[in-house]
Amino acid sequence: MNYWLMKSEPGVFGIDDLAREPGGRAAWDGVRNYQARNFMREMKRGDQALFYHSSCATPGVVGRMTIVREAYPDPTQFDPDDPHYDARSPRESPRWSVVDVEFAQRFTDTVTLARLRAEPTLSELLILRRGNRLSVTPLDRAQWEGILALARAS
DNA sequence: GCCAACGTTGGC
DNA sequence: GCCAACGTTGGC
């Protein structure tokens, strides 16, 4: 099993939006960065992911979800009315992928970015790296457990 | 709103 | 292939 951290702006699509979807399931669409896309293509059904709220008053990890469908073409890349439309993505070999995620838990309290930075054992977290902008990053098991422990402790 | 960091684009 | 310009991300 693999562990991931996935960012989204709560003003666009937050964890409460995911929880409200039918079955708590949604396609994680709109990713337009090759490195992030490649990580999504590595995801396996049953992998676990943390939901991170970015560009908001209190950025941080707000809950967790499960990968329920492995990578397939992102339909929004072919939709001219979608903000993530990509006119240069070939139909026969789509450039962008999505995975389907399923809501698992919303933490009572956000594990804030400040709290993550204050935790010495999480110093290698990719999202804490200076200038990091990747919206999808892998976690190792210790990081996953560490963040869940912080969520339980709050 | 500001700004640092980074990815992408496009001229050459 | 280089690199300047530009756009985006995301914390503050």
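The figures that follow rest on heavy atoms only: side chains count, while hydrogens, waters and symmetry mates do not.
- Nucleotide dG11(C) holds its P atom 17 Å from the CZ atom of Arg129(A), rounded to whole Å.
- Close to dT9(C), at under 4.0 Å from its OP1 or OP2, lies no side-chain N or O of Tyr52(A).
- A straight line from CG of Asn132(A) to P of dA5(B) spans 13 Å, rounded to a whole angstrom.
- Cation-pi contact between Arg91(A) and Phe78(A): present, with separation from the ring centre below 6.0 Å and deviation from the ring axis of at most 45°.
- Of the candidate nucleotides dT8(B), dC12(C), dG7(B), dT8(B) has the atom lying nearest to any side-chain atom of Tyr34(A).
- The aromatic rings of Trp28(A) and Phe13(A) sit perpendicular to each other, their planes meeting at more than 60°, with 30° as the lower class boundary.
- In this structure, Met6(A) places its CE atom 16 Å from P of dT9(C), rounding to the nearest Å.
- Within the nucleic acid shown, Ser55(A) comes within 4.0 Å of at least one base atom, counting heavy atoms only.
- Judged by distance alone, the side chain of Asp17(A) and the main-chain N or O of Gly14(A) form a donor-acceptor pair under 3.5 Å.
- Here the C1' atom of nucleotide dC12(C) and the CG atom of Leu113(A) are 11 Å apart, to the nearest Å.
- Residue Gln35(A) has its side chain nearest to dG7(B) when only dG10(B), dG10(C), dG7(B) are considered.
- Remark: Lys7(A) is not in phosphate contact with dT9(C), judged by side-chain N or O atoms under 4.0 Å from OP1 or OP2.
- At a threshold of 4.0 angstrom between heavy atoms, the contacts of Arg32(A) with the nucleic acid are absent.
- Side-chain N/O atoms of Arg130(A) and base N/O atoms of dA5(B) include no donor-acceptor pair closer than 3.5 Å.
- Atom-to-atom, CZ of Arg133(A) to P of dG10(C) comes out at 7 Å; the value is rounded to the nearest Å.
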Note to self: Using the rule given for side chain to side chain donor-acceptor pair (under 3.5 Å), can you reason through Ser54(A) versus Arg133(A), listing the C-alpha separation, both sets of side-chain angles and the distance that settles it, and then say yes or no?
What the structure shows: CA-CA 10 Å; Ser54(A) 64; Arg133(A) 297 180 346 195; over 6 Å; no

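- Here the two rings, on Tyr34(A) and Trp96(A), have centers that are under 6.0 Å apart.
- The CG atom of Leu134(A) sits 13 Å away from the P atom of dG11(C) (whole-angstrom rounding).
- As rounded to whole Å, 10 Å separates atom C1' of dT8(C) from atom CD of Glu9(A).
- dG11(C) atom P lies 12 Å from atom NE2 of His53(A), rounded to whole Å.
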